[in-house]
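To start, the structure under review is shown below, and the notes come after it.
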Amino acid sequence: MKSDKVDFWILVEEHQERVLNTCYRFVHRREDAEDLTQEVFLEVYRSLDKFHGDAKFSTWIYRIAVTKSIDFLRKQKRKKRFAEAKRVFGLKNEPLPELPANEKSRPDEILQEQERQEILRKAVNSLPENQKTAIILSKYEGFKQKEIAEIMDSTVPAVESLVHRGMNNLSSYLNKTYGKKITSFLLVFRGDDV
């Protein structure tokens with residue numbers, strides 16, 4: 001039993017940072033991403049006997065992370081609808097938390113980067129769920145398309161199509177919402193594999 005616990009902690013150490021980053025890309029709050037990461041590893045621990053080796057072990061973990069993140073977002077949407085109803089009936093809403101500043105950058109650079117990230121976050125969040133998942137795993141987390149296909153329980157051609165359509169939809173959203181000048185930074189995001 002002690003060996004199993006040691007093996008599990010090695011597994012956590014090996015995948016914790018990437019699972020945290022994956023969750024963060026979906027939820028955009030570190031505290032929520034940390035909570036989700038804990039939930040992911042609890043699920044992994046409880047479900048170890050259900051893993052049959054059909055996919056790589058790491059792929060199985062990231063599939064759980066994506067599923068937990070998407071479930072979290074669905075719950076948040078329900079909470080937002082409730083908050084909207086509260087606002088309609090005159091109840092107060094909580095203020096949005098402030099983003100922490102990076103001490104190494106100048107204030108104008110920090111603001112510009114925060115604005116760019118917020119624009120891109122809104123654009124990615126506007127995508128259909130499957131395109132959003134493929135974009136996050138590909139462009140933010142750097143998974144190969146074969147790995148994404150395994151995580152999403154899909155095929156490589158389907159993932160290629162999702163990423164391609166997602167990038168086109170991002171470009172359309174940015175053009176429509178912010179004008180042509182803003183889409184230039186999408187080229188950096190796009191990469192060579194699209």
Exercise. Please walk me through it: do Asn125 and His28 pass side-chain contact (heavy atoms from CB on, under 4.5 Å)?
Worked result: CA-CA 11 Å; Asn125 284 338; His28 306 291; 3.7 Å; yes
Problem set entry | side-chain contact (heavy atoms from CB on, under 4.5 Å) evaluation trace for Glu147 with Lys56 | CA-CA 9 Å; Glu147 295 170 312; Lys56 288 190 327 189; 3.8 Å; yes
For this session: Write down the atom of Asn169, the atom of Pro128, and the distance for their closest heavy-atom approach.
Result: ND2-CD, 4.4 Å
Problem set entry | Residue among Thr59, Leu36, Val40 satisfying side chain to side chain contact (heavy atoms under 4.5 Å, CB included) with Ile64 | Val40
For this session: Measure the spacing between OG of Ser126 and CG of Leu170 and express it to the nearest 0.5 Å.
Result: 6.5 Å
For this session: Can you sort out the partners of Ile70 under side-chain contact (heavy atoms from CB on, under 4.5 Å), two or more places apart, ordered by chain and number?
Result: Phe26, Val66, Arg74, Glu129, Thr133
Exercise. Which distance, rounded to the nearest 0.5 Å, do you find between the NZ of Lys68 and the CG of Asp35?
Worked result: 12.0 Å
Exercise. Do we see a donor-acceptor contact under 3.5 Å between the side chains of Ser161 and Arg165?
Worked result: yes
Exercise. Are Leu42 and Trp9 joined in one hydrophobic group, where the rule is that I, L, V, M, F, W and Y side chains link up if heavy atoms are under 4.5 Å apart?
Worked result: no
Seminar exercise, completed: dist Leu162:CG -> Thr155:OG1 (nearest 0.5 Å) comes out at 8.5 Å
Exercise. Tell me, do Leu137 and Val159 make a side-chain contact under 4.5 Å, heavy atoms counted?
Worked result: no
For this session: Report the distance from atom SG of Cys23 to atom CZ of Arg30, rounding to the nearest 0.5 Å.
Result: 11.5 Å
Exercise. Should Tyr173 and Leu127 be marked as a side-chain contact (heavy atoms from CB on, under 4.5 Å) after you check the CA-CA gap, both sets of side-chain angles, and the distance that decides it?
Worked result: CA-CA 9 Å; Tyr173 174 89; Leu127 295 173; over 6 Å; no
Problem set entry | Side chains of Ile61 and Glu43 in contact at under 4.5 Å (non-hydrogen atoms) | no
Exercise. Taking atom CD of Gln131 and atom NE2 of His164, what is their separation to the nearest 0.5 Å?
Worked result: 10.5 Å
Exercise. Do the rings of Phe57 and Trp60 sit parallel, tilted or perpendicular, given the 30° and 60° boundaries?
Worked result: tilted
Exercise. Within 45 degrees of the axis of the six-membered ring of Tyr62 and under 6.0 Å from its centre: does Arg18 put its NZ or CZ there?
Worked result: yes
Exercise. Which heavy-atom pair separates His15 from Ser58 by the least distance, and what is that distance?
Worked result: CE1-CB, 3.4 Å
For this session: Assess whether side-chain contact (heavy atoms from CB on, under 4.5 Å) is satisfied between Val19 and Tyr24, documenting all intermediate values.
Result: CA-CA 8 Å; Val19 167; Tyr24 181 81; over 6 Å; no
For this session: For Asn21 and Glu141, test the side chains for any donor-to-acceptor distance below 3.5 angstrom and give the result as yes or no.
Result: no
For this session: Report yes or no: do Val156 and Ile148 belong to one cluster of Ile/Leu/Val/Met/Phe/Trp/Tyr joined by side chain heavy-atom distances under 4.5 Å?
Result: no
Problem set entry | hydrophobic_cluster_shared for Ile151 and Leu20, side chain cutoff 4.5 Å | no
Exercise. Got a second to check how far Thr22's OG1 is from Glu17's CD, nearest 0.5 Å?
Worked result: 10.5 Å
